[in-house]
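These notes concern the structure reproduced below.
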Amino acid sequence: MKLEPEKPPITGETLDSLTLRLKEHGEPVFRARQILDWVYKKRARSWDEMSNLPKALRAWLAESFDFDPATLLHGKQSMDITDKLLLELRDRSLIETVIIRAPQDGVGLEHSRKTICISTQVGCAMGCVFCASGLAGLKRDLSAGEIVAQLLHVCYREDARTPRARAELASFDNIVVMGMGEPLANYDALIKALSIVNAEWGLGFGARRITVSTSGLVPKILKLADEQLGFRLAISLHGATDEVREKIMPVNKAYPLAKLIPAVRAFSEKHGRMITLEFILIEDVNDSLDQAERLTEIARDLHAHVNLIPYNTVEGLPWKRPSVARQERFVSVLEDARVSVTLRREKGHDIEAACGQLRLKTERDRAEVSP
Ligand code: SAH
Ligand code: SF4
């Protein structure tokens, strides 16, 4: 089986790269914008829909580019707050993209704020012991085109949910890079994809509404701080001391807190924006009062927001979420110290914390049916 698709996906092209390809083919350069307009603004689903392009050009495009590198297998709905899109890539790899709707008082879900959670790798090499995404290691990086295609599939689904005039196509409020994979381990494809998402000829989505979450690859955090586009940063901390963090996140050996914290500080000083510390609460692993106090110190030092997430159990792994009483005890330490903190209490958000599990289940089902 071929790992690389024969044709590059159109969603991996920038205005410059597409212009170049068209020039080489003897086409006028304005065609590049027309084509990208069809992809991102008019949401065409095939080359044939691009009615203002000559037939011969459409045929050449079909030969030269993959229109869509992902096929929607199914979308799982959870209480209507969260939709999970399971996508199959050309090499049959599975990835998922999650739509999270935050209900607002007095308005229906149609008008809720939407956050989209995207994946950057098939599997993950980081080996965090609690995480479903990393259980089978890393299969491969996603290409920029595959990362962008996830967002287009979200657009297709949302457009279908709320049929409107073409000029008012569905959009969303935030993008979080918190799906499968370690985004900063696939740095170049990530930045290319996000710049396509941001570009005015692309999805035109503001960089400040995009959050990149990392397990703590220090050199890449510093590199991200130097990017022109000011993305938001979230750190998967999960342990407030090296002793605890090292037990559950192997990355802490290469980049312990003494290296991670200064890198995060450098990032937030450069961007002047609050960063987020993600902290999954796992029973008897990191939910002690001592951890809460150490976390308070780190959050204060970095002026960071803390997002506490009760652990979502993963089939085959021994970890559990602490009781609600223990969760409340932990959060109150931070609240008493006036740290900006949220604890996810809504059940519908479970799915958000569990990016990776639907794919895992489908991979297992597949393994059971194929000899
Ligand atoms: N690799 C990146 C981004 C993807 S993981 C990172 O680690 O930050 C997105 C978030 O989900 C991380 O904070 C991760 O630690 C968390 N997560 C993974 N498995 C989880 C589980 N079973 N329950 C709750 N959160 C989980
Ligand atoms: Fe990879 Fe993030 Fe899961 Fe760790 S938590 S294994 S870095 S996806």
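Atoms within a ligand are numbered from 1 in the order they appear, just like the ligands themselves. We count residues from 1, following the sequence as given. Just so it is clear, the structure is predicted and the values come from calculations on it, not from any experiment. Heavy atoms only: backbone and side chains are in, while hydrogens, waters and symmetry mates are out.
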Q: Could you tell me whether the side chain of D68 reaches within less than 4.5 Å of the side chain of H153, counting heavy atoms only?
A: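 Touching, per the 4.5 Å side-chain cut-off.
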
Q.
Side chains of P262 and V218, heavy atoms from C-beta outward: is any pair under 4.5 Å?
A. no

Q: Report yes or no: does C117 have a heavy atom closer than 4.0 Å to ligand 1?
A: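 Outside the 4.0 Å threshold, so no.
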
Q) Taking the non-hydrogen atoms of S133, is any one of them nearer than 4.0 angstrom to ligand 1? A) no

Q | Gap between atom CH2 of W47 and atom CD1 of I10 - 0.5 Å precision | A | 4.0 Å

Q: Hey, could you give me the CG/CD distance between L61 and E27, rounded to the nearest 0.5 Å?
A: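 So the gap between those two atoms works out to 8.0 Å.
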
Q: Check whether the side chains of R294 and Q291 place a donor and an acceptor atom closer than 3.5 Å, and report yes or no.
A: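 Note: R294 and Q291 side chains miss the donor-acceptor criterion.
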
Q.
Pairing donors with acceptors under 3.5 angstrom, does anything connect the side chains of E182 and T120?
A. no

Q.
Tell me whether K270 is salt-bridged to E227, with the criterion being a basic N under 4.0 Å from an acidic carboxylate O.
A.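 Not counted as a salt bridge, because no side-chain N and carboxylate O are separated by less than 4.0 Å.
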
Atoms of ligand 1 close to [X] [distance to a heavy atom under 4.0 angstrom, numbered from 1]:
X    : value
Y311 : 21 (C), 22 (N), 23 (N)
S236 : 6 (C), 7 (O), 8 (O), 12 (C), 13 (O), 15 (O)
T214 : 6 (C), 8 (O)
G181 : 1 (N), 2 (C), 3 (C), 4 (C)

**Q.** Contact (N/O only, under 3.5 Å) between I309 and ligand 1
**A.**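 In fact, backbone or side chain, I309 has no N or O that close.
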
Q. Purely on distance, is any nitrogen or oxygen of S213 under 3.5 Å from one on ligand 1?
A.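 Yes, at least one N or O pair falls under 3.5 Å.
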
Q) Quick one: which ligand 2 atoms are inside 4.0 Å of a heavy atom on C128? A) 4 (Fe), 5 (S), 6 (S), 7 (S)

(Q) Show the atoms of ligand 2 that are less than 4.0 angstrom away from any heavy atom in S215. (A)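 Taking each heavy atom of S215 in turn, ligand 2 has 7 (S) under 4.0 Å.
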
Q: With atom 4 (C) of ligand 1 as the reference point, say which of G179, G134, C131 has the nearest heavy atom.
A: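 The residue whose heavy atom sits nearest atom 4 (C) of ligand 1 is G179.
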
Q | side chain to side chain donor-acceptor pair (under 3.5 Å) partner of N252, the single match among R245, E243, H238, K259 | A |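 When side chain to side chain donor-acceptor pair (under 3.5 Å) is applied between N252 and each of R245, E243, H238, K259, only R245 qualifies.
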
Considering only protein heavy atoms, which is closest to [atom], and at what distance to one decimal place?
atom                    : value
atom 2 (Fe) of ligand 2 : G181 O, 4.5 Å
atom 3 (Fe) of ligand 2 : C131 SG, 2.3 Å
atom 1 (Fe) of ligand 2 : C124 SG, 2.3 Å

With a heavy-atom distance limit of 4.0 Å, tell me whether [X] approaches ligand 1 through its side chain, its backbone, both, or neither.
X    : value
H238 : side chain
V314 : side chain
N312 : both

Q: Just say parallel, tilted or perpendicular for the rings of F65 and W60, cut-offs at 30° and 60°.
A: perpendicular

Q. Do the rings of F267 and H271 sit parallel, tilted or perpendicular, given the 30° and 60° boundaries?
A.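 Parallel.
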
Q. Run the side-chain hydrogen bond (donor to acceptor under 3.5 Å, both in side chains) check on K139 and S93 step by step: do they pass?
A. CA-CA 9 Å; K139 189 167 166 194; S93 289; 3.1 Å; yes

